There are 2 protein chains.
Amino acid sequence: MSLTSEPRLDHRRTLTLRDVSEASGVSEMTVSRVLRNRGDVSHSTRDRVLSAAKALGYVPNKIAGGLASQRVNLIAVIIPSLSNMVFPEVLTGISEVLDDTGLQPVVGVTNYSPEREERVLYEMLSWRPSGVIMAGLEHSDPARAMMRNAGIPIVEIMDVDGEAVDSVVGISHIRAGQMMAQAILASGYRKIGFLGTQMPHDHRARKRLQGFTAALQVAGLEVQDREYYEGSSALLKGREMTQAILARRPDLDFLYYSNDMIGAGGLLHCLGAGIDVPERLGLAGFNGVELLDGLPRRLATMDTCRLEIGRRAAEIISGKTADGKTSGLRIELSPRLDPGETIRAPR
Amino acid sequence: MSLTSEPRLDHRRTLTLRDVSEASGVSEMTVSRVLRNRGDVSHSTRDRVLSAAKALGYVPNKIAGGLASQRVNLIAVIIPSLSNMVFPEVLTGISEVLDDTGLQPVVGVTNYSPEREERVLYEMLSWRPSGVIMAGLEHSDPARAMMRNAGIPIVEIMDVDGEAVDSVVGISHIRAGQMMAQAILASGYRKIGFLGTQMPHDHRARKRLQGFTAALQVAGLEVQDREYYEGSSALLKGREMTQAILARRPDLDFLYYSNDMIGAGGLLHCLGAGIDVPERLGLAGFNGVELLDGLPRRLATMDTCRLEIGRRAAEIISGKTADGKTSGLRIELSPRLDPGETIRAPR
DNA sequence: CTTTCGGCCGTTAGCGGTAACATAGCCGAA
DNA sequence: TTCGGCTATGTTACCGCTAACGGCCGAAAG
């Protein structure tokens with residue numbers, strides 16, 4: 001029952017274009033035009049509308065707008081995890097590019113579960129996004145079908161070893177594994193152990209190992225011992241695993257880790273245990289996580305172009321490619337091997 | 001012009017309820033009921049509709065649904081950064097709780113910029129979410145106004161030192177700083193240095209320092225020297241900063257870091273430089289990042305209840321509180337100090 | 001002076017669903 | 001038999017916004 005009062009707004013129904021149109025004395029359509037910066041509106045009208053909207057505290061309703069225009073400025077980005085440090089970096093690349101396109105990334109997380117991936121994809125598609133960026137190439141059949149039928153650009157990222165639904169941007173993890181194996185062999189290491197995630201979930205780690213063992217095989221060698229773990233990777237896990245594998249096989253002369261985090265834990269363990277790295281024992285991780293620069297010794301690793309992958313994927317989605325194409329692209333980037341200080345010089 | 005052909009779907013207009021209704025011989029309304037599991041539908045009809053929907057590959061349109069029902073199952077979650085490790089953990093807590101409520105978190109990232117925060121909030125509100133979870137208590141006036149007028153539950157998280165728009169869940173960073181200072185003093189350290197982010201951006205770090213210095217002052221002491229940095233925190237940064245501050249003030253006997261990551265870098269530097277930790281020099285970080293367990297020495301730190309904060313916030317938003325209230329709540333959690341192995345025993 | 005044209009703004013008809021109500025059977029109780 | 005009540009389904013009227021088109025008006029062109 002307040003007569004004048006401060007900005008009421010309390011528990012009134014939410015504002016619509018009509019409120020702004022009444023407050024500024026023009027039609028809803030004109031208000032819509034002003035707020036979207038589309039079509040011709042005189043300067044004076046524009047100002048009137050804008051100030052009315054601000055005064056009321058009007059926030060457009062994209063639900064209604066999207067339905068009417070059949071267009072939504074969302075890009076679905078589906079990744080396995082956020083706690084991996086790898087994916088936030090991809091997201092950064094995506095955001096960088098999308099920021100000045102009016103497109104907005106919306107992130108879904110699958111926790112490496114195919115069922116969850118399917119659900120998340122379904123949820124996201126039900127918002128009718130303008131594009132999908134999806135990590136990996138391995139998906140359930142229904143998920144593939146949804147992507148194929150969505151009628152929007154799809155970009156699968158991180159990995160190029162397999163068949164893409166539409167476009168793909170990534171590196172070959174098989175080749176990455178091969179490259180690392182060759183570098184290790186070139187430095188004269190021969191008794192090699194592997195430490196990593198339980199394979200079934202992480203397809204890219206699996207492919208790395210596959211390329212790795214294949215390259216060893218060419219040299220007539222094989223992985224001597226393996227140590228698996230589940231759950232998230234942390235320094236402590238790397239320490240424990242390293243201790244365990246070395247207890248079993250003290251004769252190993254190289255340890256290949258499936259990621260930098262556990263590799264760093266292993267490095268700390270070895271240094272603490274007085275093991276001569278890299279002469280007596282070489283170490284290598286994967287990913288090139290710069291967060292870990294600053295370790296007592298720089299861990300050998302392989303950069304995976306995460307920022308670049310994010311950027312290129314976003315460019316495809318937003319049509320910023322050379323010829324404006326938004327589908328059927330295939331971009332393979334080349335990972336760069338950084339020998340750090342935990343692989344001895346080639347001999 | 002294919003006559004029979006495989007699932008056509010190629011470049012046809014996207015499917016609607018009508019398509020499913022025609023394919024299954026019932027009204028659109030009935031299809032809607034089946035797909036939403038709402039209202040009575042006979043078993044046989046349900047099956048028919050479901051199989052028709054699956055066969056066609058129908059994906060509901062939440063844009064239309066949301067407009068019609070005036071309800072949307074989205075929760076806006078607005079945080080400063082994803083590369084901080086702290087926020088993904090909060091997200092985990094949120095997801096855990098939201099997972100079985102039908103509500104879905106949508107994440108927006110502000111990069112610690114108030115302008116960006118305002119934009120992101122505006123964007124999110126324009127999708128008419130059912131709630132907002134927002135990091136921190138410091139926001140621009142327009143942002144506050146938007147939240148106040150949105151007519152939905154708002155939960156500000158992480159920090160309780162200040163005035164909330166609606167509900168708040170977090171810890172007192174002022175008290176956290178005090179607690180750490182008291183622990184440090186109790187162990188007999190007297191010449192204390194601080195290393196952290198440039199304050200203006202990170203309000204919580206600022207409040208910690210504020211509480212910290214206040215507690216020192218009570219003991220007639222003050223922070224002897226400070227070392228600031230900008231950009232993201234990493235081990236290397238921690239090393240460099242530690243080296244710099246110790247070069248200036250080799251007499252310091254304690255270093256308080258604004259987060260665990262740079263603290264860990266500092267620890268590695270000190271160990272490498274042969275400094276006696278914690279006797280000659282004590283160290284402490286902040287956050288209790290478990291990722292870093294496994295360092296040569298466990299860094300003193302303070303757990304910030306991130307998972308719990310996420311959970312409680314989500315519970316408020318989803319009405320899972322004791323009395324079902326969704327607004328006006330205030331929950332202050334107590335951070336736990338972990339002295340690790342870088343503070344010597346109290347004397 | 002009429003015609004044309006472009007700038008500015010309004011009107012109309014949906015977009016694809018759902019709330020609310022109406023309806024048609026069917027059953028059992030009065 | 002009648003009638004209330006229940007179940008299973010259909011009908012209608014929007015939700016808030018925008019595409020498409022149309023109208024008006026003043027200025028430039030014929």
Side-chain angles (χ1 to χ4, degrees), chain A residues 12-50 52-53 56-74 102 123 125-130 150-151, chain B residues 12-50 52-53 56-74 102 123 125-130 150-151:
Chain A
R12 263 221 339 245
R13 83 185 153 63
T14 82
L15 298 165
T16 73
L17 267 192
R18 149 152 274 117
D19 297 291
V20 182
S21 103
E22 283 170 359
S24 52
V26 297
S27 72
E28 299 175 37
M29 193 60 225
T30 299
V31 177
S32 170
R33 279 195 268 255
V34 170
L35 296 177
R36 285 178 302 144
N37 254 316
R38 204 162 295 248
D40 301 315
V41 180
S42 74
H43 198 72
S44 66
T45 312
R46 169 177 305 276
D47 287 349
R48 210 142 33 88
V49 169
L50 246 22
L56 291 171
Y58 173 72
V59 177
N61 185 331
K62 292 212 183 190
I63 310 251
L67 181 59
S69 67
Q70 300 284 62
R71 276 184 288 97
V72 157
N73 67 336
L74 301 177
E123 278 291 311
L125 288 181
S126 75
W127 288 103
R128 300 293 187 266
S130 321
Chain B
R12 263 223 338 246
R13 81 184 155 66
T14 82
L15 298 165
T16 75
L17 268 194
R18 152 152 272 117
D19 296 292
V20 183
S21 105
E22 284 171 357
S24 53
V26 297
S27 73
E28 299 174 39
M29 193 61 225
T30 300
V31 177
S32 171
R33 279 194 267 256
V34 169
L35 295 178
R36 285 179 303 145
N37 253 316
R38 202 160 297 243
D40 301 314
V41 179
S42 75
H43 199 72
S44 67
T45 314
R46 169 177 306 277
D47 287 349
R48 209 141 34 87
V49 169
L50 247 22
L56 291 171
Y58 173 72
V59 177
N61 184 333
K62 292 213 180 187
I63 309 251
L67 180 60
S69 67
Q70 301 284 62
R71 276 184 289 96
V72 157
N73 67 337
L74 300 178
E123 278 290 311
L125 288 181
S126 75
W127 287 102
R128 299 293 186 265
S130 318

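No experiment lies behind these values; they were computed from the predicted model shown. So you know, we letter chains A, B, ... as the sequences are listed, proteins then strands, and number each from 1.
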- Item | Side chain A:Thr30, main chain A:Val26, donor-acceptor under 3.5 Å | no
- Query: Quick check: does any side chain N or O of A:Ser126 sit under 3.5 Å from a backbone N or O of B:Val59, one acting as donor and the other as acceptor?
  - Reply: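 Not at all, since once roles are kept as given, no pair shorter than 3.5 Å links the two residues.
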Give a yes/no on whether any side-chain N or O of [X] is located under 4.0 angstrom from OP1 or OP2 of [N].
{"X": "A:Gln70", "N": "C:dG16", "answer": "yes"}
{"X": "B:Tyr58", "N": "C:dG17", "answer": "yes"}
{"X": "B:Thr16", "N": "C:dC15", "answer": "no"}
{"X": "B:Arg71", "N": "C:dA19", "answer": "yes"}

- Using the closest heavy atom to pick a nucleotide of DNA chain D for each, name whichever of B:Thr45 or B:Arg128 lands nearer the 5' end. B:Thr45
- Task: Map B:Ser69 and B:His43 onto DNA chain D by nearest heavy atom, then report which one ends up closer to the 5' terminus.
- Result: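 Closest to the 5' end, via its nearest nucleotide, is B:His43.
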- Among residues 20-37 of chain A, which contact DNA chain D at a heavy-atom distance under 4.0 Å? A:Met29, A:Ser32, A:Arg36
- Query: Which part of the nucleic acid, if any, lies within reach of B:Asn61 when heavy atoms closer than 4.0 Å are counted: base, sugar-phosphate only, or nothing?
  - Reply: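 Answer is sugar-phosphate: B:Asn61 comes under 4.0 Å of backbone atoms only.
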- Shortest side-chain distance from A:Asp40, nucleotide among C:dG7, D:dC17, C:dG17: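 Nearest listed nucleotide: C:dG7.
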- Query: Among C:dC8, D:dC15, D:dT18, which is the nearest nucleotide to the side chain of A:Ser42?
  - Reply: C:dC8
Give the rounded distance in Å between these two atoms: [atom1] of [X] and [atom2] of [N].
{"X": "B:Asp47", "N": "D:dA8", "atom1": "CG", "atom2": "P", "result": "13 Å"}
{"X": "A:Lys62", "N": "D:dC17", "atom1": "NZ", "atom2": "P", "result": "13 Å"}
{"X": "A:Trp127", "N": "C:dG16", "atom1": "CH2", "atom2": "C1'", "result": "13 Å"}
{"X": "A:Leu67", "N": "C:dG17", "atom1": "CG", "atom2": "C1'", "result": "8 Å"}
{"X": "B:Arg48", "N": "D:dA8", "atom1": "CZ", "atom2": "P", "result": "14 Å"}
{"X": "B:Arg18", "N": "C:dT18", "atom1": "CZ", "atom2": "P", "result": "14 Å"}

- Indicate the atoms forming the closest heavy-atom contact of A:Leu56 with A:Leu15, along with that distance. O-CD1, 3.3 Å
- Task: Identify the two heavy atoms, one from A:Asn73 and one from A:Ser130, that lie closest to each other, and give their separation to 0.1 Å.
- Result: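 Reported closest heavy-atom pair: CA-OG, 4.1 Å.
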- Item | Candidate list A:Ser24, A:Ser32, A:Ser44, test side chain to side chain contact (heavy atoms under 4.5 Å, CB included), partner A:Val49, passing option |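 One option only clears the test, and that one is A:Ser24.
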- Could you tell me whether the side chain of B:Arg46 reaches within less than 4.5 Å of the side chain of B:Asn37, counting heavy atoms only? yes
- Query: Is any side-chain heavy atom of A:Ile63 less than 4.5 Å from a side-chain heavy atom of B:Val72?
  - Reply: yes
